[in-house]
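Can you keep this structure in mind? I'll have questions shortly.
Quick caveat: nothing in here was measured; it's all calculated off a predicted structure. This chain uses plain numbering: 1 for the first residue, then up along the sequence.
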Amino acid sequence: MADERNFRSTYYEKVGCRSVEERRSLEILLKDKPLNVLKLKQFCILFNVPNIYRNLLWNFLLGVTPAYTDSSRYVMAQREAVYNDLQHALKVMRTIDDKTSKAKVLYAMWLLETKQLRLGVDLSDDHPFCDITKVLLKTFTSSVEIYWMAKGFYDYSQEINEEMGKLVDLTSTLLEKEDNGLFMHLKSCDILNVLPLARWYGSFFAGVLPELALIRIWDKICGGSIKIVIFVLIEILRMLRRHVFKCMTLNALLECIKSMEHDQETADLVINKAIELWQQNKGHNEFIMQSKIKTLI
């Protein structure tokens, strides 16, 4: 029986399917009472999250639902009450109406809750919080959960902003190491120092790559690995290498990268290579080595 199970797992991996053993490990972890945040973050770091469990896992790791699952219904009722109160207040204030886009509604709710809403404020969707909500709106169905998950992701965005100086330096160092030709070209054209890294990193490349590709990187973000955004950028540049060498200005490079926004096949390749490069650079050691996965169960 053991041999048969191992044969099936090996076969699934060869044909590109998710490992059955990984899914079983996650199912065991999700039965813990209370849920163990460290072990679940470890899972996100080490493996791909099965689509069927992404909503449950993200909600917990982003602080939307509690570790004690028996309390989830009560907690979500409170979350929904806050959500409804914020939305009602905005309608009374005539800040939003039925024609306001969902992303702007959620952004306005966040501004109100964080005491940043001002009379006459322009609800421009040119903000990382809006970028994040747009991805979540295309990935999940519950507006209440999406709002609270967006807040969790935005906390990670703020963490990136606080570390931006270090991330910028690390980006240059790794790009020079992985592709010196690209590094020298971007540096000689004075593009390297003006890349919109704060926007790209702060929104986890929302609006740059298709949502179906992005969520695999966001799994790692939920696991606590914010540095993975650097490897995504490096692989975007390497994937477009031939075109990047023709770009002599920042605007030209941005137009080049914009072509990937709806190219799912290319984006999937970028994400695969980014995760591989991140792992090669010891990204998977932020918690534990895969050989120690037995400690998860």
Could you list the donor-acceptor pairs under 3.5 angstrom formed by side chains in residues 61-74, with sequence neighbours left out?
residue: Thr65; atom: OG1; partner: Phe60; partner atom: N; Å: 3.3
residue: Ser72; atom: OG; partner: Thr69; partner atom: O; Å: 3.1

Please report the C-alpha distance between Met76 and Glu80 in whole Å, then the side-chain angles of each, then the deciding distance to 0.1 Å, and finally whether the side-chain contact (heavy atoms from CB on, under 4.5 Å) criterion is met.
-> CA-CA 6 Å; Met76 286 310 301; Glu80 186 173 2; over 6 Å; no

For the residue pair Asn161 and Gln158, confirm or rule out a side-chain donor-acceptor distance under 3.5 Å.
->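 Short answer, yes.
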
Rounded distance (nearest 0.5 Å) linking atom NZ of Lys41 with atom SG of Cys222 =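 Separation between the atoms: 9.0 Å.
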
Shortest non-hydrogen separation from Ala206 to Val135 and the atoms involved =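 In this case the closest contact between Ala206 and Val135 is CB-CG2, 3.6 Å.
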
Criterion side-chain hydrogen bond (donor to acceptor under 3.5 Å, both in side chains) on Asp268 and Asn272, from CA distance to verdict = CA-CA 6 Å; Asp268 286 338; Asn272 288 338; over 6 Å; no

Are any non-hydrogen side-chain atoms of Leu186 and Leu237 less than 4.5 angstrom apart?
->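 Yes; the side chains approach each other to less than 4.5 Å.
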
Determine yes or no for a side-chain-to-main-chain donor-acceptor pair under 3.5 angstrom, with Asn36 supplying the side chain and Leu38 the backbone.
->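 Between the backbone of Leu38 and the side chain of Asn36 there is a qualifying donor-acceptor contact (under 3.5 Å).
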
If you take all heavy atoms of Glu235 and Leu277, which pair is closest and at what distance?
->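 So the minimum-distance heavy-atom pair works out to OE2-CD2, 3.4 Å.
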
Between Gln264 and Ala213, what is the shortest heavy-atom contact and its length?
->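 Smallest heavy-atom distance, with atoms named: NE2-N, 3.5 Å.
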
Arg199 backbone acceptor or donor facing Ser203 side chain under 3.5 Å =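 Yes; at least one donor-acceptor contact below 3.5 Å.
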
Under 3.5 Å, is there a donor-acceptor pair between the side chain of Trp110 and the main chain of Lys151?
->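 Not at all, since once roles are kept as given, no pair shorter than 3.5 Å links the two residues.
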
What distance do Asn51 atom CG and Arg216 atom CZ have between them, rounded to the nearest 0.5 Å?
->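 Answer rounded to 0.5 Å: 10.0 Å.
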
With the 4.5 Å side-chain cut-off for hydrophobic clustering, are Ile221 and Leu212 part of the same group?
->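 Result: no, two separate clusters.
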
Just by distance, with hydrogens left out, do Asn281 and Lys177 show a side-chain donor and acceptor under 3.5 Å apart?
->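 Their side chains do contain a donor-acceptor pair, which is all the 3.5 Å distance test asks for.
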
Starting from the C-alpha separation in whole Å, work towards a yes-or-no answer on side-chain contact (heavy atoms from CB on, under 4.5 Å) for Tyr53 and Leu30.
-> CA-CA 9 Å; Tyr53 292 118; Leu30 291 173; 3.7 Å; yes

Look only at the side chain of Lys220 and the backbone of Cys44, and say whether a donor-acceptor pair between them is shorter than 3.5 Å.
->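 Side chain of Lys220 to backbone of Cys44, a donor-acceptor pair under 3.5 Å: yes, one is there.
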
Residue pair Leu46 / Gln279: nearest heavy atoms and the distance that separates them =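 Scanning both residues completely, I find the closest heavy atoms to be O-NE2, 4.5 Å.
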
Decide yes or no for Ile226 and Tyr201: does some side-chain heavy atom of the first lie under 4.5 Å from some side-chain heavy atom of the second?
->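 Not touching, per the 4.5 Å side-chain cut-off.
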
Is there a path of hydrophobic side-chain contacts, each under 4.5 Å between heavy atoms of I, L, V, M, F, W or Y residues, that connects Leu254 with Leu209?
->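 Both belong to a single hydrophobic cluster.
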
Minimum heavy-atom separation for Phe153 to Leu136, with atom names?
->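 That closest heavy-atom pairing would be CE1-CD2, 4.1 Å.
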
Heavy-atom closest pair, residues Ala103 and Cys130 =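 The pair with the smallest heavy-atom distance is O-SG, 4.2 Å.
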
Please check if any side-chain donor atom of Tyr147 sits under 3.5 Å from a side-chain acceptor atom of Glu113, or the reverse.
->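 Judged by distance alone, the side chains do pair up.
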
Would a hydrophobic clustering, with Ile, Leu, Val, Met, Phe, Trp and Tyr connected at side-chain separations under 4.5 Å, put Leu269 with Ile234?
->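 As far as the 4.5 Å side-chain criterion goes, Ile234 and Leu269 are connected within one cluster.
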
Any link between Phe245 and Met248 through a network of hydrophobic side chains (Ile, Leu, Val, Met, Phe, Trp, Tyr) touching at under 4.5 Å?
->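 No: no chain of side-chain contacts under 4.5 Å links Phe245 to Met248.
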
Does the side chain of Trp200 reach to within under 4.5 Å of the side chain of Ile257, using non-hydrogen atoms?
->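 Yes, at least one pair of side-chain atoms sits under 4.5 Å.
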
Report yes if the side chains of Leu57 and Leu40 come closer than 4.5 Å at any heavy-atom pair, otherwise no.
->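 Result yes, sub-4.5 Å side-chain heavy-atom pair found.
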
Should we say atom CD of Glu265 is surrounded by more than 12 heavy atoms from elsewhere, each under 6.0 Å from it?
->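 Not more than 12 within 6.0 Å, no.
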
Below 4.0 angstrom, N of the basic side chain to O of the carboxylate: do Glu163 and Lys166 qualify?
->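 Here Glu163 pairs with Lys166 in a salt bridge, since their nearest N and O are under 4.0 Å apart.
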
Side-chain donor or acceptor of Asp179 paired with backbone N/O of Leu175 under 3.5 Å =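 Not confirmed, Asp179 side chain does not pair with Leu175 backbone.
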
Derivation of the side-chain contact (heavy atoms from CB on, under 4.5 Å) call for Leu197 and Ile230 | CA-CA 9 Å; Leu197 298 184; Ile230 296 173; over 6 Å; no

So, do Phe140 and Glu145 sit near enough that their side-chain heavy atoms are less than 4.5 Å apart?
->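 Result no, sub-4.5 Å side-chain heavy-atom pair not found.
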
Short question: side chain of Arg242, backbone of Met239 - any donor-acceptor pair under 3.5 Å?
->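 Judged by distance alone, no pair lies under 3.5 Å.
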
What's the spacing between Met109 CE and His88 NE2 if we round to 0.5 Å?
->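 So the gap between those two atoms works out to 13.0 Å.
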
Is the closest side-chain heavy-atom distance between Leu240 and Thr266 below 4.5 Å?
->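 With C-beta onward as the side chain, the pair stays apart.
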
NZ/NE/NH1/NH2 to OD/OE distance under 4.0 Å, Glu27 and Arg23 =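 Yes, charged N to carboxylate O under 4.0 Å.
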
Report the residue from Leu90, Leu112, Leu111, Val105 that forms a side-chain contact (heavy atoms from CB on, under 4.5 Å) with Thr95.
->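 That would be Leu90; it is the only one of Leu90, Leu112, Leu111, Val105 passing the side-chain contact (heavy atoms from CB on, under 4.5 Å) with Thr95.
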
Taking Arg79 for the side chain and Trp148 for the main chain, is one N or O donor matched with an acceptor at less than 3.5 Å?
->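 It does not hold such a pair.
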
Distance in Å, Ser172 OG paired with Leu167 CG, rounded so as to fall on 0.5 Å steps |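 Ser172 OG to Leu167 CG: 11.0 Å, rounded to 0.5 Å.
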
Considering residues, nucleotides and ligands other than Asn193, do more than 12 of their heavy atoms fall under 6.0 Å from its CG?
->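 12 or below, so no.
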
May I ask you to decide if Thr100's main-chain N or O and Asp97's side chain share a donor-acceptor pair within less than 3.5 Å?
->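 Judged by distance alone, yes, a pair lies under 3.5 Å.
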
Please check if the side chain of Ser188 supplies one atom and the backbone of His185 the other of a donor-acceptor pair under 3.5 Å.
->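 Side chain of Ser188 to backbone of His185: a pair is present.
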
Rounded to the nearest 0.5 Å, what's the gap from CG on Leu137 to CG on Leu106? Could you check?
->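 Going from CG on Leu137 over to CG on Leu106, the span is 6.0 Å.
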
Hey, can you tell me if Phe43 and Phe47 have their rings parallel, tilted or perpendicular (30° and 60° cut-offs)?
->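 Phe43 and Phe47: tilted rings.
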
Between Lys91 and Gln87, is a side-chain contact (heavy atoms from CB on, under 4.5 Å) present by the stated rule, with each step listed?
-> CA-CA 6 Å; Lys91 288 182 177 180; Gln87 192 172 79; 4.2 Å; yes

How about Leu214 and Phe205: do any of their side-chain heavy atoms sit closer than 4.5 Å?
->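 Side-chain contact under 4.5 Å: yes.
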
Are Ile275 and Val232 side-chain neighbours, meaning at least one heavy-atom pair lies under 4.5 Å?
->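 No - every pair of side-chain heavy atoms lies 4.5 Å or more apart.
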
Leu170 reachable from Leu195 in the ILVMFWY side-chain graph, under 4.5 Å edges |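 In one cluster with Leu195: Leu170, yes.
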
Among side-chain atoms of Trp218 and Thr139, is any donor-acceptor pair under 3.5 angstrom?
->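 Their side chains do not contain a donor-acceptor pair, so the 3.5 Å distance test is not met.
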
Take Tyr154 and His127 through the ring pair (Phe, Tyr, Trp, His ring centres under 6.0 Å) test and state the conclusion after the steps.
-> CA-CA 11 Å; Tyr154 190 73; His127 189 278; 5.7 Å; yes

Could you give the distance from CZ (Phe183) to OG1 (Thr173), rounded to the nearest 0.5 Å?
->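 Reported to 0.5 Å precision, the distance equals 8.0 Å.
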
